[in-house]
Amino acid sequence: MTKPFYITTPIFYVNAEPHIGHTYTSVITDTIARYHRLAGEDTFYLTGTDEHGDKISQAAEAKGQSTQAFADHIAGIFRSTWDELDFSYDRFIRTTEPAHIETVQHILQKVYDAGDIELREYSGQYCVGCERFLTDRDLDEEGRCKDHEKPPEERKETNYFFLMSRYTDWLAEHIEKNPGFIRPAGYAKEVLSMLRSDNGLEDLCISRPKERLQWGIPLPFDTDYVCYVWFDALINYLTGINYPDDPQFEERWSNVEHIIGKDILKPHGVFWPTILKAAGLPIYQHLNVHGFWNVDNRKVSKSLGNMISPLVMRERYGFECFRYFLLREMSFGRDASFSEEALVTRVNADLSKNLGNLESRCIKMLGRFREGIVPEPGAATELEKDLEALVKRIPITVDEQMRNMEPHRALASVFELVDATNKYIDQRAPWKLAKETDNAESMELLDKTLYSVCEMLRVISLLLAPFLPETASRILERLGLAGALEKAVLPQDAQAWGGLPVGNPTQTGDPLFPRLEMPAAEDAN
RNA sequence: GGGCCUGUAGCUCAGGGGUUAGAGCACCCGACUCAUAAUCGGAGCGUCGUAGGUUCAAAUCCUACCAGGCCUACCA
């Protein structure tokens, strides 16, 4: 029985179409999932859409559609986009699914029975136009609603509250005792400061009266209310692996990794563990938090119109190029800048000039000098031993980096192999050896060299597969190793020097990464 | 107000108590010509935000300050 591995993206809110942020989250998750599959783990990758809440019903109304039709439409766009991009998710969950509604109600009932949910009356400043209670920040100097310029009315309402504050100390202690529980570490500190802020942790309002909101899941213990936001959204991670009935649920759940953007740190870092605790379930392994992409030095936002569509990027540059840029350019956890110029520069340098050209020169030389047949390597000399040592070491490093959620560093490690191979070729100068056809020693050295570079390509392809799956299989195919990825196990198969069979027929092909053109400078408007 | 993060080469950023501070891009010189005018070698480039402190030793730890960003407030 192989080790289970469960990884999730957040469910994406269906108020916008997929942009660079959603895409980055999914690219990271897909890459990590692919790595664990290649490591022989029983991997399950969950993604989906969050479809409840008044924003959705309002957006639907604005478009003159039924809420369900609107949600179906946007959810469909997400799903088809992810399919187009070949993300390897195992389930696409929607919060409007009956199975999910059932799970949410099950958990709500459980927490309610445990005494951690209670009905409270509170009063506040309610704006009829907004259909919600306002905070001080929503008010202007004269105490009026900023949007409607009308004074709010004092209104009382009863709602259900999750008694989250009970778990403050428990959670703080857990975070302190488990370094890496929330990572990178800066975000764990951030959560600790939320727990210890002056106000402390407040209880969480989890309902809305039905007269104010209908588009939601009814509370099982009081059908005059629907569940509001976080219980609904977070519990998808349980529904996704068929809580509670699936026989594999427990094992999967004990190996879950959540990937999120830093904007939803609080719900995932605070609400979610406390909900799980209250429901009597174990909490997640790791919360992995990534930063934001700044586009043209600005935050991505709908109003600026600077959202980057993954499908447009794919059409313009090829999706693996875009994907590579996202993975390589952002240090996981930190913010990064996106521009098409930077993408073109990075892709040309790393993928065209280094990797692509390496593949091209290796396979073409083999074709030219040895009719494309992988030759006998013979005994290793110092240079080959250096390569072998690198091949022993790098896959382990990559493995550690992937498990520490540092894909950008793992990718840099893989490229150490590419650089070493380019350098090795220059040291050996096989094109010179090839001319010395009557020198047996040179011929032997040429064989050794050609074997070694192709073997390096094999290793590089295996390690690259989670990042650039299509490129990896293309290279392997050209090495006469089609289908190798289905059998490969990382890191050991990448470490095993000599995995490329002697006598294997190879074939040349078009450049993997033709040089990209710089985008035409756009007008400043 | 409270909290967090960032400030390192012209640009984008790694690194994070210990030999002369790193990479890529850009620029310069050289080598090579198998390859996508790719590759390899070499050179230059920095008071590691500022001022103090701890230490045998600080870009790295501590304090204060300056600058930018973020969270605190449901955009990945």
Side-chain angles (χ1 to χ4, degrees), chain A residues 9-13 15-16 18-29 50 53-55 135-138 184-194 196-199 228-230 233 259-267 271 289-294 297 299-303 307 328-331 333-339 341-342 344-346 348-369 408-409 412 415-416 418-419 421-434 446 449-450 453 508 510-516:
Chain A
T9 70
I11 41 175
F12 303 112
Y13 204 48
N15 62 347
H19 57 62
I20 190 172
H22 307 116
T23 308
Y24 177 74
T25 307
S26 296
V27 162
I28 287 285
T29 306
D50 181 9
D54 42 3
K55 279 183 190 168
T135 66
D136 291 345
R137 293 170 218 277
D138 298 317
Y187 293 109
K189 281 163 82 180
E190 188 91 26
V191 170
L192 279 176
S193 81
M194 290 173 195
R196 292 187 174 137
S197 67
D198 298 339
N199 327 341
Y228 190 64
V229 189
W230 287 108
I259 308 282
I260 62 163
K262 66 180 185 179
D263 54 302
I264 47 177
L265 178 60
K266 187 171 186 178
F271 304 170
V289 188
H290 72 247
F292 282 158
W293 285 95
N294 295 307
N297 291 320
K299 192 173 149 178
V300 172
S301 79
K302 280 158 269 172
S303 54
M307 294 192 293
R328 182 66 186 81
E329 198 79 1
M330 178 177 268
S331 285
R334 304 195 40 182
D335 289 356
S337 310
F338 178 86
S339 72
E341 287 78 5
V344 168
T345 302
R346 182 107 225 174
N348 280 344
D350 293 0
L351 298 184
S352 302
K353 297 178 185 178
N354 269 347
L355 176 65
N357 183 56
L358 176 67
E359 177 277 335
S360 174
R361 66 198 301 217
C362 292
I363 305 230
K364 281 186 181 164
M365 275 194 284
L366 185 58
R368 194 156 144 180
F369 302 144
H408 58 294
R409 299 180 74 181
F415 272 76
E416 283 186 44
V418 176
D419 291 340
T421 310
N422 269 323
K423 187 168 181 171
Y424 169 78
I425 294 175
D426 260 56
Q427 288 170 312
R428 278 273 185 261
W431 51 91
K432 282 183 184 162
L433 296 170
L446 178 59
T449 305
L450 292 174
V453 298
T508 57
D510 293 336
L512 296 169
F513 298 101
R515 290 252 242 154
L516 298 177

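By convention in this document, chain letters (A, B, ...) are assigned in the order of the sequence lines, proteins followed by strands, and residues within each chain are numbered from 1. Computed from a prediction, not measured in an experiment: that's the story for all the values here. Side chains are part of it too, since the values below use all heavy atoms of this structure and drop only hydrogens, waters and symmetry mates.
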(request) Identify which nucleotide among B:A14, B:C32, B:U36 has an atom closest to any side-chain atom of A:R334, counting heavy atoms from C-beta outward. (result) B:A14

(request) Would you mind reading off the distance between A:R409 atom CZ and B:G24 atom P, rounded to a whole angstrom? (result) 17 Å

(message) Distance check needed: B:C34 C1' versus A:L358 CG, whole Å only.
(response) 11 Å

(request) Look at A:S337 and B:U12 and indicate whether a side-chain polar atom (N or O) is within less than 4.0 Å of OP1 or OP2. (result) no

(request) Identify whether any heavy atom of A:F12 sits under 4.0 Å from a base atom; if not, whether one sits that close to sugar-phosphate; answer base, sugar-phosphate or nothing. (result) sugar-phosphate

(request) Would you mind telling me which of B:C34, B:A26, B:C5 lies closest to the side-chain atoms of A:D426? (result) B:C34

(request) Between B:C74, B:C5, B:C13, spot the one nearest the side chain of A:K189, thanks. (result) B:C5

(message) In this structure, how many angstroms lie between the P atom of B:C32 and the CZ atom of A:R428, rounded?
(response) 19 Å

(message) Closest approach to the side chain of A:M365, judged atom by atom: which nucleotide of B:A73, B:A35, B:C34 is it?
(response) B:C34

(message) Quick check: on RNA chain B, is the nucleotide nearest A:R368 upstream (toward 5') of the one nearest A:I11, or the reverse? Name the residue that is more 5'.
(response) A:R368

(message) Using a heavy-atom cut-off of 4.0 Å across all strands, would you classify A:T9 as base, sugar-phosphate, or nothing?
(response) nothing

(message) Applying ring-ring contact (aromatic ring centres under 6.0 Å, His included), can you list everything that pairs with A:F12, at least two apart in sequence or on another chain?
(response) A:H22, A:F78, A:W82

(request) For the side chain of A:Y228, starting at C-beta, report the closest nucleotide among B:C74, B:U36, B:U33. (result) B:C74

(message) With heavy-atom distances below 4.5 Å as the criterion, would you say the side chains of A:C362 and A:I425 are in contact?
(response) yes

(request) Looking only at side-chain atoms of A:S193, point me to the closest of B:A76, B:G3, B:A35. (result) B:G3

(request) Consider the side chain of A:N422, meaning its heavy atoms from C-beta on, and name the nucleotide among B:C71, B:C13, B:C40 that approaches it most closely. (result) B:C40

(request) Measure the shortest side-chain to side-chain distance between A:M365 and A:T449 over non-hydrogen atoms and say whether it is less than 4.5 angstrom. (result) no

(request) Consider the side chain of A:N354, meaning its heavy atoms from C-beta on, and name the nucleotide among B:C34, B:C25, B:U39 that approaches it most closely. (result) B:U39

(request) Ignoring the backbone of A:M194, work out which of B:C71, B:U33, B:C25 is nearest its side chain. (result) B:C71

(request) To the nearest Å, give me how far apart NZ (A:K423) and P (B:A23) are. (result) 12 Å

(request) Just need the stems in RNA chain B: three or more back-to-back Watson-Crick or G-U pairs, each with both distances under 3.5 angstrom, sorted by first number. (result) B:1-7 with B:66-72, B:10-13 with B:22-25, B:28-31 with B:39-42, B:49-53 with B:61-65

(message) So if I take every side-chain heavy atom of A:K262 and compare against B:C34, B:C70, B:U36, which nucleotide ends up nearest?
(response) B:C70

(message) Tell me the closest heavy-atom pair linking A:F415 and A:D350, and the distance in Å.
(response) CE2-O, 3.4 Å

